[in-house]
Q: 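Handing you this structure, nothing more for now.
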Amino acid sequence: MNVLAAYNTQLMARPLIAKAWTSFLLFGLGDVLAQRLEKSYGMSQKFDFMRTLKMSAFGGAVAAPALHTWYTFGITRFNFLGGWKAAVAK
């Protein structure tokens, strides 16, 4: 089973947990990239692991559940079939 199939299986079985781990990883990766940019512009000298850990935790514990709830609410309340109306509603 490839990684994408395994992810999709988990997304269907446990959507909130899968989204939380995805957000945890992506928020962490985003912070690592931001710190590398800061270092390349001379804004920072060393890598701040605690900052990355805090951003990852925020992504997994706050952003993912909030956005999961928001999108679930929007999908159940607004019955748009697609297009710009669906994008605006989300």
Side-chain angles (χ1 to χ4, degrees):
M1 180 180 277
N2 66 21
V3 175
L4 186 57
Y7 176 73
N8 282 333
T9 300
Q10 290 302 311
L11 197 55
M12 297 303 286
R14 298 174 195 91
L16 185 55
I17 292 172
K19 291 173 186 176
W21 277 110
T22 302
S23 290
F24 180 89
L25 293 172
L26 291 177
F27 269 67
L29 178 62
D31 188 66
V32 168
L33 294 174
Q35 288 191 52
R36 289 194 61 169
L37 276 173
E38 289 173 1
K39 187 175 180 179
S40 71
Y41 284 106
M43 298 168 62
S44 176
Q45 296 300 321
K46 63 178 186 133
F47 183 77
D48 186 355
F49 178 76
M50 285 307 294
R51 174 182 141 174
T52 300
L53 187 60
K54 288 176 188 177
M55 285 301 298
S56 295
F58 176 82
V62 177
L67 292 172
H68 171 78
T69 303
W70 175 251
Y71 281 111
T72 301
F73 171 80
I75 289 170
T76 58
R77 299 295 188 267
F78 305 106
N79 191 13
F80 297 117
L81 297 177
W84 69 270
K85 290 181 182 178
V88 170
K90 288 181 180 180

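Computed over heavy atoms, backbone and side chain alike; hydrogens, waters and symmetry mates excluded.
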Q: Rest of the hydrophobic cluster containing Leu37 (Ile/Leu/Val/Met/Phe/Trp/Tyr, side-chain heavy atoms under 4.5 Å)?
A: Tyr41, Met43

Q: Show every donor-acceptor pair shorter than 3.5 Å between a side-chain atom in residues 54-62 and any protein atom, with sequence neighbours excluded, or say none if there are none.
A:
| unit_1 | atom_1 | unit_2 | atom_2 | d |
| --- | --- | --- | --- | --- |
| Ser56 | OG | Phe24 | O | 3.4 |
| Ser56 | OG | Gly28 | N | 3.4 |
| Ser56 | OG | Thr52 | O | 3.0 |

Q: Using only atom types and a distance under 3.5 Å, with no angle test, would you say the side chain of Gln45 pairs donor to acceptor with the backbone of Lys39?
A: no

Q: Could you report the tightest heavy-atom contact between Ala20 and Ala64, atom names first, then the distance?
A: CA-CB, 3.6 Å

Q: Could you list the residues that satisfy side chain to side chain contact (heavy atoms under 4.5 Å, CB included) with Leu4, not counting sequence neighbours?
A: Asn2, Asn8

Q: If you link I, L, V, M, F, W and Y whenever their side-chain heavy atoms are under 4.5 Å apart, who else ends up in the same group as Phe49?
A: Val32, Phe47, Met50, Leu53

Q: Can you name the residues that form a side chain to side chain contact (heavy atoms under 4.5 Å, CB included) with Leu16, not counting sequence neighbours?
A: Pro65, His68

Q: Name all pairs fulfilling the salt bridge (Lys or Arg N to Asp or Glu O under 4.0 Å) condition that reach into residues 10-36, sequence neighbours left out, sorted by first residue then second.
A: Asp31-Arg51

Q: Hey, what else clusters with Leu26 if you join Ile, Leu, Val, Met, Phe, Trp, Tyr whenever side-chain heavy atoms sit under 4.5 Å?
A: none

Q: Does Leu11 sit in a hydrophobic cluster with other residues, and if so which ones, taking ILVMFWY side chains as linked at heavy-atom separations under 4.5 Å, directly or through other members?
A: Tyr7

